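Here is the structure we will look at.
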Amino acid sequence: MTTYITTPIYYVNAQPHLGHAYTTIVADVYSRFCRLCGDDVRFQTGTDEHGDKIAEAAIKEQVSPKEYVDRISALYRESWPQLHIIPDNFIRTTDAVHIETVQRILQQVYDQGDIYFGEYTGLYCKGCERFLTEKELVDGNCPDHQRPPEAITEQNYFFRMSKYQQQLIDHIHAHPDFITPERYKNEVLSFLSEPLEDLCISRPTSRLTWGIALPFDQNFVTYVWFDALINYLTGIGYPEGESFLKYWAVAEHVIAKDILKPHAIYWPTMLLAMGLPLFQRLHVHGYWNVGEIKMSKSIGNVVRPAELVTEYGVDTVRYFLLREMSFGLDASFSSEAIVMRKNSDLANDLGNLFSRSMAMLEKYTDSQVPIPGATEEPDMILQETAVQMLSLYRENMGRFQFHRALQSVWDLISHANKYIVVSEPWVLAKEPAQQKRLHTVLYNLVETLRLLTLVLRPVMPETAQKMAAGLGLDGNDPRISNFSQGAQWGLSSAGTSLQAIESLFPRMDKPEKSGAAQAVTGASAKKNSPKKEKKKVADAEVGVIEFEQFQQIDLRVAEVVHAERIEKSDRLLKLTVKAPDTRTIVAGIAEYYTPEELLGRLVLIVANLKPVELMGVQSQGMVLAAKTKVEGKKRLVLTTVSGVVTAGSKVA
RNA sequence: GGCGAUGUAGCUCAGAUGGUUAGAGCAUACGGCUCAUAUCCGUAGUGUCCGGGGUUCAAUUCCCUGCAUCGCCA
């Protein structure tokens with residue numbers, strides 16, 4: 001079997017965050033899983049480096065676009081090894097080979113008549129020097145310049161996407177796995193039920209030069225998506241070469257839901273126009289929220305993968321991300337959740353199973369794998385559970401149902417822990433007559449640990465390596481590195497020497513408390529366990545918050561740059577504030593303040609409040625005001641700072 | 001406004017083409033063990049399976065409708 005798995009190429013206008021890391025870890029785990037199954041695997045990621053946003057960012061930093069993209073692209077490339085992600089190829093859209101191929105494809109599609117010159121009318125903002133989409137507008141205005149964009153007409157090149165619409169619909173119906181999970185397939189089909197418009201694939205060089213020149217008209221550069229998607233081909237040597245023929249036939253893409261349309265509509269129609277077969281599968285996943293809140297730069301809650309690795313360890317991060325998210329749906333990230341997973345799944349269940357088994361082997365067989373005796377009923381059940389796990393694991397990994405695959409692995413871990421309790425090796429060890437039985441039980445534990453090492457390898461390579469070392473196996477031993485050879489019961493060899501290793505996963509303290517206040521442990525150790533003690537303290541102090549909780553509130557000074565009444569509301573004002581990013585806040589102060597008197601004022605805001613929609617306007621924060629009474633009437637008085645400070649200053 | 005998804009235990013989520021006592025993990029309470037990382041094992045709960053109506057001998061499951069949340073489209 002052959003496998004070609006890709007992530008999107010990441011746009012270099014921002015640094016890698018949790019979402020990028022998740023997509024790339026998924027692709028890495030899948031590629032490792034396929035290798036485990038003996039496949040010839042090619043795994044590609046990279047960076048997308050053209051377009052106006054990049055050009056703007058470079059200007060802002062006063063460097064050339066090329067210098068800028070080199071720097072950010074390197075950040076991506078360097079962050080993957082920290083997560084034990086090993087791509088076979090890292091492609092950049094500024095690579096000469098890529099540029100050449102994109103131009104060749106454009107020429108071909110142009111020559112066959114699927115690209116034509118036409119007119120485009122769009123909403124152009126002079127301030128931004130670019131077209132805005134309807135979605136970006138706030139009340140019909142450019143969000144950055146507070147004025148309506150102009151409808152202007154520009155001549156451009158268009159790709160005849162509409163020509164391939166029906167072919168694409170037919171393909172999706174004929175290949176149920178083409179877009180998965182199903183909800184995204186439905187979304188695409190629903191979008192395709194309306195006539196497609198042709199895709200504008202050029203930008204005039206008068207507006208943008210940072211792009212790939214159209215080979216047939218030097219006055220234009222290529223629209224970023226038409227450029228970027230082609231990376232999946234250039235990265236494997238299209239149009240020539242063995243790699244291309246071998247890998248393109250089995251291509252699978254992993255993406256997040258925000259780029260569904262380019263991948264499920266632009267890309268297949270482009271391929272149809274090029275006369276190429278379509279990719280095999282498109283795997284679409286959801287978003288990681290932070291707690292309940294969407295991760296975003298303006299809220300300032302962006303999670304950096306490198307920090308997680310430092311805090312929790314790389315394998316914990318990989319495990320958590322795959323276990324916690326149902327592939328396709330959104331999931332929620334929090335330090336509480338990751339600590340919980342680490343403590344209960346990794347330390348208590350897996351780590352402790354490994355540790356207790358190894359300890360008994362050391363004590364009872366001098367760390368030698370014993371020779372098993374006759375199989376009894378509990379042994380049979382353990383074996384059956386293991387075999388069942390192997391088949392569920394393989395099936396679910398192949399279907400990108402990582403959380404289910406891991407669930408079945410943990411079913412075995414949990415069963416093995418029960419097996420120990422039922423078998424009571426420590427009792428057997430006391431009776432010489434039971435030695436055969438003891439050896440059987442211990443052998444079965446070794447065998448279970450070996451199978452766990454095998455299946456955990458794609459997800460937690462470092463841990464699997466440690467486990468292998470503990471089991472006295474070489475990392476390349478096919479019994480733990482090859483699924484078809486290793487995934488069966490009974491392959492551990494008696495006589496193998498086991499090695500003592502450190503704990504796989506030390507337990508972590510819960511994030512909310514450090515644990516100083518437990519000196520007062522009472523008589524009965526169990527009843528006054530630290531955990532309960534903490535709980536009681538917390539209950540007694542309802543209403544008091546921890547310093548850490550306070551720190552989570554992002555208070556800032558904001559300058560009011562615009563204010564207006566919200567129609568149909570007596571109480572609400574819509575404020576535009578600088579803090580220092582521009583954001584819209586809806587405040588219920590219209591009864592006490594006029595828009596005019598607010599202009600230029602410095603107010604205090606909560607900057608990381610979950611955004612809400614009030615009277616159809618999204619509010620990204622909250623303005624602080626004192627509640628008071630003047631002559632018996634309720635009154636709100638805005639808070640402010642006593643001196644002049646810059647907008648955006650933190651308040652603490 | 002159109003289309004679609006989701007709504008199940010305190011929390012996160014499984015689940016059945018309709019059929020006895022609706023499940024798992026976490027959290028909680030109690031008990032057991034001592035090989036183990038204060039770990040592990042067992043027992044115990046709580047559910048108007050979103051509301052309302054319909055089909056049926058039987059609906060949490062199918063149909064209709066309402067509400068809530070989310071997504072896509074306009």
Side-chain angles (χ1 to χ4, degrees), chain A residues 133-135 181-197 256-261 264-265 284 286-287 289 291-292 294 320 323-334 336-365 378 396 401 403-404 406-408 410-411 413-430 438 441-442 445 500-510 515 518 521 524-536 539 612-613:
Chain A
T133 61
E134 293 275 351
K135 235 187 190 172
E182 202 171 3
R183 52 190 312 164
Y184 296 106
K185 177 173 94 174
N186 293 339
E187 207 170 294
V188 170
L189 283 172
S190 125
F191 186 77
L192 285 171
S193 66
E194 302 285 325
L196 276 183
E197 283 182 27
K257 63 183 183 180
D258 57 333
I259 50 174
L260 177 63
K261 213 201 290 182
I265 294 173
V284 189
Y287 284 147
N289 295 321
E292 304 285 295
K294 197 170 165 172
F320 174 79
R323 178 64 186 82
E324 195 76 2
M325 179 176 263
S326 299
F327 192 88
L329 302 177
D330 290 355
S332 157
F333 176 88
S334 70
E336 287 83 359
I338 192 169
V339 169
M340 205 180 86
R341 284 279 178 209
K342 181 169 186 175
N343 283 345
S344 49
D345 295 2
L346 298 179
N348 295 353
D349 294 348
L350 172 61
N352 186 52
L353 172 66
F354 192 85
S355 153
R356 67 198 301 207
S357 306
M358 295 295 280
M360 287 189 282
L361 282 150
E362 188 184 351
K363 222 175 263 190
Y364 306 143
T365 70
N396 283 311
Q401 295 291 301
H403 63 296
R404 291 200 189 163
L406 288 170
Q407 199 167 30
S408 62
W410 257 258
D411 285 346
I413 292 173
S414 163
H415 188 85
N417 274 320
K418 294 188 218 309
Y419 175 75
I420 293 177
V421 171
V422 171
S423 307
E424 297 181 302
W426 50 91
V427 174
L428 300 176
K430 283 175 192 154
L438 173 67
V441 170
L442 293 178
L445 288 173
I501 61 162
E502 286 179 10
S503 289
L504 295 175
F505 298 97
R507 282 181 63 86
M508 290 186 83
D509 282 336
K510 290 199 176 166
Q518 284 118 46
T521 307
S524 157
K526 190 147 194 180
K527 285 199 170 146
N528 289 326
S529 71
K531 224 163 44 183
K532 287 173 196 171
E533 206 66 23
K534 274 188 199 172
K535 175 87 181 156
K536 276 179 194 157
D539 286 349
V612 290
E613 198 163 39

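Quick caveat, the model's predicted, so the values are computed rather than measured. Order of the sequence lines fixes the chain letters, A, B, ..., with proteins taken first and strands second; residue numbering starts at 1 for each chain.
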Point to revise | Partners passing side-chain contact (heavy atoms from CB on, under 4.5 Å) against A:Ser408 (at least two apart in sequence or in another chain) | key: A:Met389, A:Leu392, A:Tyr393
Practice item. Send over the distance from A:Leu350 CG to B:A36 P, rounded to a whole Å. Key: 18 Å
Review point. Side chains of A:Val421 and A:Asn417: closer than 4.5 Å at any heavy-atom pair?
Key: no
Point to revise | Nearest-angstrom distance, C1' atom, B:U8 to B:G54 | key: 23 Å
Review point. For A:Leu406 and B:A14, what is the distance between atoms CG and P respectively, to the nearest whole Å?
Key: 15 Å
Point to revise | Nearest-angstrom distance from the residue atom CG of A:Asp345 to P of B:A24 | key: 16 Å
Exercise for review: Can you tell me the distance, in whole Å, between the CG atom of A:Leu346 and the C1' atom of B:G25?
Suggested key: 14 Å
Revision key, fill the gap. Sorted by position of nearest nucleotide on RNA chain B, 5' first, the leading residue of A:Ser344 and A:Tyr184 is A:Ser344
**Study point:** Minimum-distance nucleotide to A:Val421 side chain [options: B:C73, B:C41, B:G71]
**Key:** B:C41
Review point. Given the P atoms of B:G25 and B:U61, what is the spacing between them in whole Å?
Key: 26 Å
Review point. Looking at residues at least two apart in the chain, or sitting in another chain, which of them share a side-chain hydrogen bond (donor to acceptor under 3.5 Å, both in side chains) with A:Asp330?
Key: A:Lys257
Check your understanding: Just by protein heavy atoms under 4.0 Å, how would nucleotides 4-13 of chain B read 5' to 3' in B, S and -?
Key -> -S--------
Would you list the atom pairs, donor with acceptor, under 3.5 Å between side chains in residues 186-197 of chain A and any protein atom, with sequence neighbours excluded?
| residue | atom | partner | partner atom | Å |
| --- | --- | --- | --- | --- |
| A:Ser193 | OG | A:Ser190 | O | 2.6 |

Practice item. May I ask you to decide if A:Gly328's main-chain N or O and A:Tyr184's side chain share a donor-acceptor pair within less than 3.5 Å? Key: yes
Check your understanding: Between B:G23 and B:U46, how far is it from one C1' atom to the other, in whole Å?
Key -> 15 Å
Revision key, fill the gap. Mate of B:U17 across any strand shown (Watson-Crick or G-U wobble, both atom pairs under 3.5 Å) is none
Check your understanding: What are the two closest heavy atoms between A:Ala256 and A:Val284, and how far apart are they?
Key -> C-CG1, 4.2 Å
Check your understanding: Starting at the 5' end of RNA chain B, which residue's closest nucleotide do you reach first, A:Ile413 or A:Ser503?
Key -> A:Ser503
Review point. Could you give the CG-to-C1' distance, from A:Asn348 to B:C26, as a whole number of Å?
Key: 12 Å
**Study point:** Closest contact, heavy atoms only, A:Phe320 versus A:Phe333
**Key:** CE2-CD1, 3.6 Å
Check your understanding: Looking only at atom C1', what distance separates B:A59 and B:G19, rounded to whole Å?
Key -> 10 Å
Check your understanding: Considering Watson-Crick and G-U wobble pairs with both distances under 3.5 Å, what does B:G47 pair with?
Key -> none
Check your understanding: What does B:C35 pair with, Watson-Crick or G-U, if both distances are under 3.5 Å?
Key -> none
Review point. Does A:Lys418 place a side-chain N or O at less than 4.0 Å from the phosphate oxygens OP1/OP2 of B:G42?
Key: yes
Exercise for review: For A:Leu353, report the nucleic acid contact type (base, sugar-phosphate, nothing); a contact means any heavy atom under 4.0 Å.
Suggested key: nothing
Point to revise | salt bridge (charged side-chain N to carboxylate O under 4.0 Å, His left out) contacts in which one or both residues fall within residues 344-362 of chain A, not counting sequence neighbours | key: A:Arg341-A:Asp345
**Study point:** A:Asn352 CG to B:U37 P, straight-line distance once rounded to whole Å
**Key:** 7 Å
Study note, to complete from the structure: Applying the 3.5 Å cut-off to both distances, the Watson-Crick or G-U partner of B:U69 turns out to be B:A5
Practice item. Could you please name the partner base of B:C30, counting Watson-Crick and G-U wobble pairs only when both distances are under 3.5 Å? Key: B:G42
Review point. Is there a Watson-Crick or G-U wobble partner for B:A24 with both distances under 3.5 Å, and if so, which one is it?
Key: B:U12
Check your understanding: Do side-chain atoms of A:Asn343 reach the backbone of A:Met508 as a donor and acceptor pair under 3.5 angstrom?
Key -> yes
Point to revise | Spacing between A:Asp258 atom CG and B:G71 atom P, to the nearest angstrom | key: 13 Å
Practice item. For B:G15, take OP1 and OP2 only and decide whether either is under 4.0 Å from a side-chain N or O of A:Arg404. Key: yes
Check your understanding: With respect to the side chain of A:Asp349, which nucleotide from B:A36, B:C73, B:C40 is positioned closest?
Key -> B:C40
Practice item. Could you list the residues that satisfy side-chain hydrogen bond (donor to acceptor under 3.5 Å, both in side chains) with A:Lys418, not counting sequence neighbours? Key: A:Ser414
Point to revise | Nearest listed nucleotide, side chain of A:Ser414, among B:C35, B:C41, B:C26 | key: B:C41
Check your understanding: Given atom CG of A:Asn289 and atom C1' of B:U69, what is their separation to the nearest angstrom?
Key -> 13 Å
Review point. Where the side chain of A:Lys363 is defined as all heavy atoms beyond and including C-beta, which of B:C41, B:C35, B:U37 is the nearest nucleotide?
Key: B:C35
Check your understanding: Would you say B:C70 has OP1 or OP2 under 4.0 Å from some side-chain N or O of A:Lys257?
Key -> no
Check your understanding: On a whole-Å scale, what distance lies between the P atoms belonging to B:U65 and B:A5?
Key -> 13 Å
Review point. What integer number of Å spans the C1' atoms of B:G53 and B:G15?
Key: 26 Å
Revision key, fill the gap. Applying the 3.5 Å cut-off to both distances, the Watson-Crick or G-U partner of B:A59 turns out to be none
Review point. If you check the A:Arg507 side chain, which of B:U37, B:C35, B:C72 turns out closest?
Key: B:U37
Practice item. Could you give the distance separating B:C70 and B:U12 at their P atoms, to the nearest angstrom? Key: 15 Å
Point to revise | Touch class at under 4.0 angstrom, heavy-atom based, for A:Phe505 against every strand present | key: base
Exercise for review: In whole angstrom, give me the gap between the C1' atoms of B:C49 and B:A22.
Suggested key: 8 Å
